[in-house]
Amino acid sequence: MLKELCNLNSTSGDEGAVRDYIINKIKDYCKYSVDNLGSIIAFKKGNKTPSKKVMLCAHMDEVGFIITNIDDSGYLSFSTVGGIDSKVIADRTVIINNIKGVIGLKPIHLLSADELKNSPTVKSMRIDIGAKDKDDALKYVHPGDYAYFSPDFYEFGDGFIKSKALDDRIGCMLLIELIKSDLEYDTYFCFNVQEEVGLRGAMCTSYQVQSDVSVILEATTAADLCGVAGGDRVCVLGDGPVVSFMDGRTIYDKELYNLAMNTAKENNIPVQTKTAIAGGNDAGAIQSSGKGSKVLAVSLPCRYIHSDASVVKKSDIKETRKLLNKLLPKLYD
């Protein structure tokens with residue numbers, strides 16, 4: 001399921017392919033609706049009706065590109081959709097309207113001294129689709145069309161997975177699994193759009209659900225690389241799910257944080273926290289929407305996030321499943 005989800009193209013504002021896939025997976029297990037922005041709001045009937053309304057969330061969109069102009073030679077100018085470091089996109093293969101292109105930049109032997117000192121900018125790059133001129137390119141692509149990192153999902157090494165869009169197709173997969181399982185309590189599930197461009201979908205779904213407790217399933221940046229030590233590593237692949245106490249958008253509920261950490265300890269589940277106050281996720285919108293909600297983020301550590309070569313470890317997915325199964329019944333008390 002994770003491979004199927006990651007291989008779908010679904011940049012912010014164009015989440016239809018992932019939305020259709022998810023609906024096909026969950027339609028026989030819950031009631032669901034799609035809001036005006038495109039997010040899925042699902043309700044799964046459990047064995048009991050709790051006093052608290054609990055919501056679990058993940059986002060369907062991924063970072064990508066949007067075409068802004070086509071020059072006379074048939075090369076495409078573009079902007080990023082979501083936060084992408086320009087250093088990770090040069091020479092990458094992309095997909096636009098089911099055709100392939102390559103992100104190119106000025107050859108090194110033509111760069112000025114100043115250009116050699118600095119990283120290439122998105123503005124200096126073009127997408128090459130092999131068109132002979134502008135008219136030829138316009139047969140296939142127009143300004144406003146989306147481009148995506150070319151899908152290339154594979155497993156390698158000691159249980160590692162490499163793919164685009166692991167942020168946050170992992171969260172989507174875990175929500176689908178929970179919806180298809182037997183739940184003790186009634187639960188809401190939201191698959192949100194446009195997280196990568198400002199948490200827009202979560203702002204709308206949280207107003208509609210008005211949950212008391214919300215759990216956000218995400219992927220978060222791991223910097224466990226050679227030459228990086230201590231807290232600068234942020235989190236580590238293979239050390240289990242990441243439970244955050246604070247990030248760039250949210251101060252998480254302390255009681256929920258302690259509950260998650262203690263639940264992991266009681267059940268011998270490896271768990272870690274995020275050792276950098278950076279980034280953010282849908283909790284930033286959910287926490288302050290409507291009457292407000294207590295929020296908890298449970299994330300998968302992910303190297304090279306927001307690139308075509310994001311990397312996670314299968315053991316962390318397994319341990320996250322264990323933590324969710326033990327933690328969820330405690331959220332309704």
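Just so you know, these numbers come straight off a predicted model, no measurement behind them. Quick note: residue numbers are just sequence positions, from 1. Excluded from the calculations below are hydrogen atoms, water molecules and symmetry mates; all remaining heavy atoms, backbone and side chain alike, are included.
Remark: side-chain polar atoms of Asp232 are not paired, donor with acceptor, to backbone N or O of Val228 under 3.5 angstrom. Between the side chain of Thr187 and the backbone N or O of Tyr185, at least one donor-acceptor pair lies under 3.5 Å. Proximity of a side-chain donor or acceptor of Ser150 to a complementary backbone N or O of Val94 within less than 3.5 Å is not detected. Side-chain N or O atoms of Thr275 include one that pairs as donor or acceptor with a backbone N or O of Val234 at under 3.5 Å. Arg169 contributes a side-chain N or O that, together with a main-chain N or O of Leu5, makes up a donor-acceptor pair within less than 3.5 Å.
Atom CG of Asn24 has more than 12 neighbouring heavy atoms from other residues, nucleotides or ligands inside a 6.0 Å radius. Atom NZ of Lys326 is surrounded by 12 or fewer heavy atoms from other residues, nucleotides or ligands within 6.0 Å. The local environment of CD1 in Ile251 is sparse, with at most 12 non-hydrogen atoms from other residues, nucleotides or ligands closer than 6.0 Å. Applying the 6.0 Å contact sphere to NZ of Lys132 captures no more than 12 heavy atoms from other residues, nucleotides or ligands. When the shell of 6.0 Å around NZ of Lys45 is examined, it contains more than 12 heavy atoms from other residues, nucleotides or ligands. Atom CD of Glu255 is surrounded by 12 or fewer heavy atoms from other residues, nucleotides or ligands within 6.0 Å.
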(request) Go through Ser293 and Ser214 one step at a time and tell me if the side-chain hydrogen bond (donor to acceptor under 3.5 Å, both in side chains) criterion holds. (result) CA-CA 7 Å; Ser293 176; Ser214 303; 2.8 Å; yes

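Through side-chain heavy atoms spaced under 4.5 Å, either directly or across other Ile, Leu, Val, Met, Phe, Trp or Tyr residues, Tyr75 is tied to no other residue. Residue Val197 belongs to a hydrophobic cluster whose other members are Ile66, Val81, Tyr146, Tyr148, with links defined by side-chain heavy atoms closer than 4.5 Å. Clustering of Ile, Leu, Val, Met, Phe, Trp and Tyr by side-chain heavy atoms under 4.5 Å joins Val236 with none of the others. Grouping Ile, Leu, Val, Met, Phe, Trp and Tyr by side-chain contacts under 4.5 Å, direct or through others, puts Val209 with Ile41, Phe43, Met55, Tyr188, Ile216, Tyr252, Ile286, Val295.
Here the rule is salt bridge (charged side-chain N to carboxylate O under 4.0 Å, His left out) with Asp152, and of Lys162, Lys3, Lys164 only Lys162 fits it. Applying salt bridge (charged side-chain N to carboxylate O under 4.0 Å, His left out) to Asp224 and the options Arg303, Lys313, Arg233 leaves one that passes, Arg303.
In this structure, Lys314 pairs ionically with Glu155, as a charged nitrogen and a carboxylate oxygen lie closer than 4.0 Å.
Ser206 and Ser289 share a side-chain donor-acceptor pair at under 3.5 Å. There is a side-chain donor-acceptor pair under 3.5 Å between Thr263 and Lys330.
By the side-chain hydrogen bond (donor to acceptor under 3.5 Å, both in side chains) test, Glu196 is found to be paired with His306, residues two or more places apart in sequence or in another chain being considered. Partners of Asp136 by salt bridge (Lys or Arg N to Asp or Glu O under 4.0 Å), not counting sequence neighbours, listed by chain and number: Lys139.
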